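Ligands are counted one by one from 1 in listed order, and the atoms in each one are counted from 1 as well. Here the structure is a predicted model, which is why all the values come from computation and not from measurement.
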Amino acid sequence: MSQEIFHSSFPFILESGASLPNLQLAYTVHGQLNDKKDKVIWVIHALTGDADVLNWWSGLVGKDKYFDPSENYIVCANLLGSCYGSSSPLTLNSSTNQAFFYDFPHITTRDMAKALDLLRIHLNISNIHTLIGGSLGGQVALEWAYTLQDKVENAIVLASSAKASPWIIAFNESQRMAIESDCTWGELREDAGSKGLQAARAMAMISYRHPDNFLSNQSDNEEKTDGFRISSYLRYQGQKLSKRFDAFTYWTLTKAIDSHDLGRGRGGTKNALSHLSCQVLAVGIDKDLLYLKEESEFIARNVQNGEYKEIYSTYGHDAFLIEYEQLKNILNSFFTKNN
Ligand code: COA
């Protein structure tokens with residue numbers, strides 16, 4: 001991955017009124033911006049994702065894939081607050097000369113969208129053909145589409161919502177409680193709270209799947225009273241995340257998810273959605289237990305030009321990262337109608 005870093009030369013004013021000096025965003029671009037600049041595909045990653053979209057969405061983006069860099073200009077940036085190269089709790093706080101850690105300001109999905117827009121201007125992109133993201137990425141896509149207005153043609157929002165539900169916030173809050181209960185949380189070191197982060201990831205993994213998925217993939221064949229497969233699976237997933245992610249970033253990004261409300265200060269969610277003039281494809285997943293499919297249906301119903309499609313999968317919320325054939329069929333039918 002050839003990742004680049006965008007540095008803003010101005011302090012970045014957050015929705016809270018706080019200011020973030022030295023804003024930086026890591027990003028990748030694949031393909032060429034054509035003369036008409038009309039083939040820009042902008043992908044927004046989910047909670048623990050990064051700018052390397054060819055890696056984490058390899059079934060959809062890449063050579064000979066649905067979004068092929070030989071035909072499109074594909075941009076993906078690491079979101080504000082994330083630890084993969086953008087301004088985050090682990091980047092340097094110039095006023096203390098050490099990482100921000102616990103002092104990183106509260107950020108919202110609106111702040112994330114605003115930061116992406118600075119990068120868009122820096123890249124000299126006037127129009128985005130397709131903005132696409134799942135989960136947190138879908139929330140940021142909606143926020144950004146709201147402010148982009150006619151600079152975006154299509155917004156594709158997968159397994160996401162216009163406003164964080166109490167259910168989502170509940171999962172996030174309990175995961176932050178797991179981080180808080182780690183006795184290293186409070187220390188000034190990058191791996192503070194890493195055991196708590198592992199527990200948080202295990203809890204999150206339960207919300208990302210449907211019980212039927214664990215039944216088919218993690219059932220034990222032999223009779224036993226302890227040492228279950230699903231137990232080692234969740235522990236493994238927790239350890240795996242803690243090797244590539246930190247509890248500070250997890251805290252910051254889950255708080256941003258909680259903040260998500262397209263309608264805040266805009267007369268409510270329905271009213272805000274009704275101001276979206278681009279084509280919106282909202283994709284729900286029938287067995288998503290985290291972002292319910294009804295939340296995607298709500299988006300499609302309330303925008304000016306909305307369409308709802310569904311993925312059928314026991315992978316639940318994770319299906320947007322796994323069910324490539326269904327995704328491709330859905331995209332095909334959407335673009336056949338709207339191109
Ligand atoms: N005990 C220990 N490890 C186990 C296990 C068990 N019982 N069962 C599977 N594993 C390990 C496998 O060896 C494999 O390890 P590896 O990743 O090091 O190769 C891993 O678990 C496979 O995980 P699984 O969930 O079965 O993979 P998948 O193909 O179904 O899903 C991903 C792929 C990338 C979607 C998934 O692994 C993942 O990371 N999900 C979370 C992604 C996420 O953040 N989603 C939410 C976005 S908001």
Side-chain angles (χ1 to χ4, degrees), residues 43-61 76 78-79 81-84 109 112 132-142 157-161 164-165 167-169 171-172 175 197-222 224 226-247 249-258 260 283-285 287-293 295-296 311 313-327:
V43 185
I44 310 183
H45 66 74
L47 177 60
T48 67
D50 59 23
D52 191 3
V53 61
L54 267 57
N55 176 41
W56 61 262
W57 233 5
S58 59
L60 208 61
V61 184
C76 183
N78 185 217
L79 287 171
S82 173
C83 55
Y84 290 113
T109 50
M112 291 168 161
I132 180 167
S135 198
L136 167 62
Q139 295 178 321
V140 178
L142 276 182
V157 177
L158 313 161
S160 195
S161 66
S165 66
W167 182 247
I168 299 237
I169 298 169
F171 271 106
N172 289 340
Q175 289 169 39
L197 175 64
Q198 292 180 21
R201 179 63 162 182
M203 293 156 83
M205 287 303 301
I206 302 168
S207 74
Y208 296 158
R209 298 291 167 100
H210 187 273
D212 290 349
N213 182 257
F214 286 163
L215 199 61
S216 53
N217 293 344
Q218 297 295 340
S219 287
D220 291 278
N221 297 324
E222 70 273 36
K224 51 167 71 167
D226 199 3
F228 300 102
R229 276 179 73 188
I230 186 63
S231 309
S232 81
Y233 175 75
L234 291 180
R235 284 179 183 276
Y236 176 76
Q237 293 293 340
Q239 285 158 8
K240 194 172 164 188
L241 185 74
S242 71
K243 286 181 191 146
R244 68 174 179 89
F245 217 75
D246 67 276
T249 301
Y250 201 85
W251 186 285
T252 299
L253 298 187
T254 55
K255 280 280 187 188
I257 291 175
D258 294 358
H260 178 63
V283 180
I285 298 159
K287 290 200 154 84
D288 190 338
L289 300 177
L290 189 58
Y291 289 75
L292 304 183
K293 65 174 191 168
E295 300 183 78
S296 294
I311 293 174
S313 176
T314 64
Y315 277 105
H317 188 59
D318 265 352
F320 80 92
L321 295 166
I322 295 170
E323 300 284 6
Y324 288 121
E325 284 313 310
Q326 290 191 56
L327 263 174

remark   = atom 26 (O) of ligand 1: of Tyr233, Phe245, Tyr236, the nearest heavy atom sits on Tyr233
ask   = Within the side chain of Thr254, is there an N or O that forms a donor-acceptor pair under 3.5 Å with the backbone of Trp251?
value = yes
message = I need the atoms of ligand 1 closer than 4.0 Å to a non-hydrogen atom of Ser135, numbered in the order shown.
response = 48 (S)
request  = Starting from the C-alpha separation in whole Å, work towards a yes-or-no answer on side chain to side chain donor-acceptor pair (under 3.5 Å) for Ser207 and His317.
outcome  = CA-CA 7 Å; Ser207 74; His317 188 59; over 6 Å; no
inquiry  = Quick check on contacts: which atoms of ligand 1 are under 4.0 angstrom from a heavy atom of Ser232?
reply    = 1 (N), 2 (C), 6 (C), 7 (N)
task = Please test Asn213 against Tyr208 for side chain to side chain contact (heavy atoms under 4.5 Å, CB included), starting from the C-alpha separation and ending with a verdict.
result = CA-CA 10 Å; Asn213 182 257; Tyr208 296 158; over 6 Å; no
inquiry  = Can you check which of Arg201, His45, Met205 brings a heavy atom nearest to atom 39 (O) of ligand 1?
reply    = Arg201
inquiry  = Can a side-chain donor-acceptor contact be found between His45 and Asp50 if the only test is distance below 3.5 angstrom?
reply    = no
key: atom 47 (C) of ligand 1 - nearest protein heavy atom and its distance   = Ala46 CB, 4.0 Å
Parallel, tilted or perpendicular: rings of Tyr84 and Phe245 (30°, 60°) = tilted
inquiry  = Looking at Thr314 and His210, would you say the former's side chain and the latter's main chain have a donor-acceptor pair under 3.5 Å?
reply    = no
query = Can a protein heavy atom be found under 4.0 Å away from atom 6 (C) of ligand 1?
reply = yes
key: atom 15 (O) of ligand 1 touched by protein (heavy atom, under 4.0 Å)   = yes
query = Distance below 4.0 Å between atom 30 (O) of ligand 1 and any protein heavy atom?
reply = yes
query = Any luck finding a side-chain donor-acceptor pair between His260 and Ser161 under 3.5 Å?
reply = no
inquiry  = Less than 4.0 Å is my threshold; does some heavy atom of Tyr315 fall inside it relative to ligand 1?
reply    = yes
inquiry  = Is it the case that the side chain of Glu295 and the backbone of Leu292 share a donor-acceptor pair, with hydrogens and angles ignored and the cut-off at 3.5 Å?
reply    = yes
remark   = When distances are taken from atom 40 (N) of ligand 1, the protein heavy atom at minimum range is Asp318 OD2, 3.1 Å
request  = Assess the side chains of Glu323 and Ser313: does a donor N or O sit below 3.5 Å from an acceptor N or O?
outcome  = yes
request  = Only heavy atoms count here, so choose which of Arg235, Arg209, Gln237 is nearest to atom 33 (C) of ligand 1.
outcome  = Arg209
ask   = In the protein, what heavy atom is nearest to atom 17 (O) of ligand 1, and what distance, to one decimal place, separates them?
value = Lys240 NZ, 2.4 Å
ask   = Picking from Leu136, Val140, Ile132, what satisfies side-chain contact (heavy atoms from CB on, under 4.5 Å) with Ile44?
value = Val140
ask   = Hey, is atom 3 (N) of ligand 1 under 4.0 Å from any protein heavy atom?
value = yes
query = Numbering the atoms of ligand 1 from 1, which are under 4.0 Å from a heavy atom of Ile322?
reply = 31 (O), 35 (C)
Proximal atoms of ligand 1 relative to His317 (non-hydrogen, under 4.0 Å) = 48 (S)
inquiry  = I need the nearest protein heavy-atom contact for atom 8 (N) of ligand 1: residue, atom name and distance, please.
reply    = Gln218 NE2, 3.0 Å
